[in-house]
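See below for the structure under consideration.
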Amino acid sequence: MKTQTVLPQREILSIPAAFARAASTHPENVALRMRRIAGAEFSEISYGELLDAVTRIATAFKGLGLQNGDRVVLVGENSPEWPMSYLAVQWAGGTVLPLDAKLTPDERSNIIRHAEPKLMIASSSFEDEIESAQEHVKGLVGVPMNRLGQMSTESEPMTHTDTDLEDLAVIIYTSGTTGSPKGVMLSHKNISSNIAAALQVIDIEPQDNFFSVLPLHHVFEATAGMLLPLTVGATITYSRSLKPNEIREDLEASQATLLVAVPLLLEKVLKGIHRGVKNAPLVRRALFHSLSGTSRLIDTVGSGAGARKLLKSVRNKA
């Protein structure tokens, strides 16, 4: 039986401390990248640039009145600005409250009223909800996500808050199986210990490139697809959307080495492949189905090599 190699135990650090170490060790590595339109070049942010932005934004947050332990709502689609916001809140000692972009405005409003955050960071799709949230939460300050780069401060950029591992890092609102949403409190140790455990069994290098598709408000993607690579100095490439054809195009162009996935995501990729086959000329469609049947026959007596060889072009696109 094949045994799993166990890698050396990594030191468990707070989220800002782990990011700071990666940024200081690999300042030239690309941290975040994304392209906004098909065929365009990927826009890239290095670890050095991300560290500079995070410290500047965190200092500005402090100027807006953010205190240690204050809650900050974060809502928006996946983009480099999302982890930038998340890290800046952590850097300033705040607690991130990520909201599901698929909830209704009323559902998000109910959570915000319950959580009583100090700041609300929202992408352009959700900026109109800031004003209504301010009607319910006294003193709430709204921060448009697409203007983070314009935030400035006369103060010297702050070093990250001396965060204890037991300090609250994130509150995830979930309804569980029944009832209204409830806040699940996760400490820095809760999250960082999971990252350290993953790095004992998965060998991830600074040269790796993660492809990120799953929504970042989910703790799975935020931990395994965002914080884990940002702990080792690896790159994260964001998909433009959840449309199967755009996922496939961006994944192929990204030259990614790692993908954090769930069955639904893999189904979307498969649908994209079948949609491409359906729209192909008749001869190509017939060839695809013929090869699919042939590869299944070969694989019943082989080790799975049939599909890998006969459907190589399809696999490359997948």
Side-chain angles (χ1 to χ4, degrees), residues 13-32 34 43-76 79-99 112 115-124 126-127 130 133-134 137-171 187-188 191-192 216 222 226-227 229-231 233 236:
L13 301 172
S14 68
I15 292 169
F19 165 66
R21 183 170 66 178
S24 62
T25 306
H26 308 284
E28 301 302 321
N29 281 16
V30 175
L32 309 170
M34 183 178 183
S43 176
E44 300 179 342
I45 302 172
S46 71
Y47 272 86
E49 292 169 335
L50 181 58
L51 178 61
D52 178 71
V54 166
T55 56
R56 176 170 43 80
I57 296 167
T59 305
F61 285 169
K62 282 291 191 183
L64 292 174
L66 184 67
Q67 301 295 317
N68 291 0
D70 281 348
R71 294 173 288 278
V72 178
V73 164
L74 178 54
V75 57
S79 70
E81 290 76 23
W82 206 102
M84 187 182 294
S85 303
Y86 184 106
L87 290 170
V89 173
Q90 300 280 3
W91 197 271
T95 299
V96 180
L97 202 163
L99 294 185
I112 291 170
E116 297 184 334
K118 181 69 177 181
L119 302 179
M120 178 175 176
I121 307 171
S123 69
S124 55
F126 303 94
E127 281 185 35
I130 292 177
Q134 289 172 328
V137 181
K138 184 178 180 180
L140 176 66
V141 178
V143 179
M145 192 181 291
N146 62 358
R147 297 178 206 168
L148 286 174
Q150 302 170 19
M151 296 189 75
S152 61
T153 174
E154 296 180 359
S155 305
E156 285 293 318
M158 61 178 289
T159 57
H160 66 79
T161 300
D162 188 15
T163 306
D164 188 275
L165 285 173
E166 300 297 340
D167 287 345
L168 191 59
V170 180
I171 301 176
S187 69
H188 286 263
I191 296 170
S192 297
L216 281 164
M226 182 182 78
L227 294 176
L230 291 175
T231 295
I236 305 171

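Side-chain atoms are counted along with the backbone in the values below, which use heavy atoms only and exclude waters and symmetry mates.
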Can you tell me how far apart CD1 (Ile130) and CD1 (Ile121) are? Round to the nearest 0.5 Å. 9.5 Å
Out of curiosity, Ile191 CD1 to Ile15 CD1, how far, rounded to the nearest 0.5 Å? 4.0 Å
Tell me whether Asn29 contacts the main-chain N or O of Gly233 through its side chain, where contact means a donor paired with an acceptor under 3.5 Å. yes
Using side-chain heavy atoms (C-beta onward) and a distance below 4.5 Å, is Leu32 in contact with Ile236? yes
If the condition is side-chain contact (heavy atoms from CB on, under 4.5 Å), which residues does Ala22 pass it with, not counting sequence neighbours? Tyr47
State which residues pass side-chain contact (heavy atoms from CB on, under 4.5 Å) with Val30; sequence neighbours excluded, sorted by chain then number. Arg33, Glu44, Thr235
Can you give me the closest heavy-atom contact between Pro117 and Val137, atom names plus distance? O-CG1, 3.6 Å
Which value, rounded to the nearest 0.5 Å, describes the distance between Met120 atom CE and Ile112 atom CD1? 4.0 Å
Could you state the interatomic distance from CG (Leu99) to CG (Leu74), rounded to the nearest 0.5 Å? 8.0 Å
Distance-minimising heavy-atom pair for Met34 and Ser79: SD-CA, 3.8 Å
If I compare all heavy atoms of Met151 with all of Ile57, which pair ends up nearest, and what's the gap? SD-CG2, 4.1 Å
Does atom CG of Asn68 have more than 12 heavy-atom neighbours from other groups under 6.0 Å away? yes
So which heavy atom on Glu166 is nearest to which on Ser187, and how close? O-CB, 3.8 Å
Quick check: does any side chain N or O of Thr163 sit under 3.5 Å from a backbone N or O of Ser14, one acting as donor and the other as acceptor? no
Non-hydrogen side-chain atoms of Pro27 and Leu51 separated by less than 4.5 Å: no
Review item, side-chain donor-acceptor pairs of residues 82-90, under 3.5 Å, at least two apart:
{"from": "Ser85", "atom 1": "OG", "to": "Glu81", "atom 2": "O", "distance (Å)": "2.7"}
{"from": "Gln90", "atom 1": "OE1", "to": "His188", "atom 2": "NE2", "distance (Å)": "3.3"}
{"from": "Gln90", "atom 1": "NE2", "to": "Ala169", "atom 2": "O", "distance (Å)": "3.1"}

Given Phe19 and Val54, is the side-chain contact (heavy atoms from CB on, under 4.5 Å) satisfied, shown in steps? CA-CA 10 Å; Phe19 165 66; Val54 166; 4.3 Å; yes
Spacing of CG belonging to Leu66 relative to OG1 belonging to Thr95, to within rounding of 0.5 Å: 9.0 Å
What's the shortest heavy-atom distance between Lys118 and Leu64, and which atoms? CE-O, 4.1 Å
Heavy-atom closest contact (Leu230 atom, Ala31 atom, distance): CD2-CB, 4.4 Å
Verify, without hydrogens or angle tests, whether Glu49 (side chain) and Ser46 (backbone) share a donor-acceptor contact under 3.5 angstrom. yes
Between Ser123 (side chain only) and Met145 (backbone N and O only), is there a donor and an acceptor less than 3.5 Å apart? no
Checking Phe61 against Trp91 for the side-chain contact (heavy atoms from CB on, under 4.5 Å) test, could you report, in this order, the C-alpha distance in whole Å, the side-chain angles of both residues, the deciding distance, and whether it holds? CA-CA 10 Å; Phe61 285 169; Trp91 197 271; over 6 Å; no
Begin with the C-alpha distance, continue with both residues' side-chain angles, and end with the deciding distance and a verdict on side-chain contact (heavy atoms from CB on, under 4.5 Å) for Leu119 and Val141. CA-CA 5 Å; Leu119 302 179; Val141 178; 3.4 Å; yes
